[in-house]
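Accompanying notes for the structure given below.
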Amino acid sequence: MYASELELWVRYEELRRQADRRRLVRQAVEGAKDTARSGSEEPEGRVRAARARRGRVRRAAA
């Protein structure tokens, strides 16, 4: 096992950093999946919202 408190602390920090890296990778992968899914139901993706906004501006100006 580890001989000193310093070695224990160093090992703890290594494990904590490794867990943080794994968590960040997992969150990035989940975020990428959510982003990919967000426009999948609409054939035009995010363009639709811009078109609707442009239509409202034209109606307001008329």
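FYI, the numbering just counts along the sequence from 1. Model, not experiment: these values are computed from the prediction.
- Qualifying salt bridge (charged side-chain N to carboxylate O under 4.0 Å, His left out) partners for Arg26, counting only residues two or more places apart in sequence or in other chains: none.
- Residues Asp20 and Arg17 are not paired through a salt bridge, judged by the lack of any N-O separation under 4.0 Å between the basic side chain and the carboxylate.
- Remark: Arg16 CZ to Arg21 CZ distance equals 10.0 Å, nearest 0.5 Å.
- In this structure, the side chains of Gln18 and Leu15 come closer than 4.5 Å at one or more pairs of heavy atoms.
- More than 12 heavy atoms of other residues, nucleotides or ligands sit less than 6.0 Å from atom CD of Gln27.
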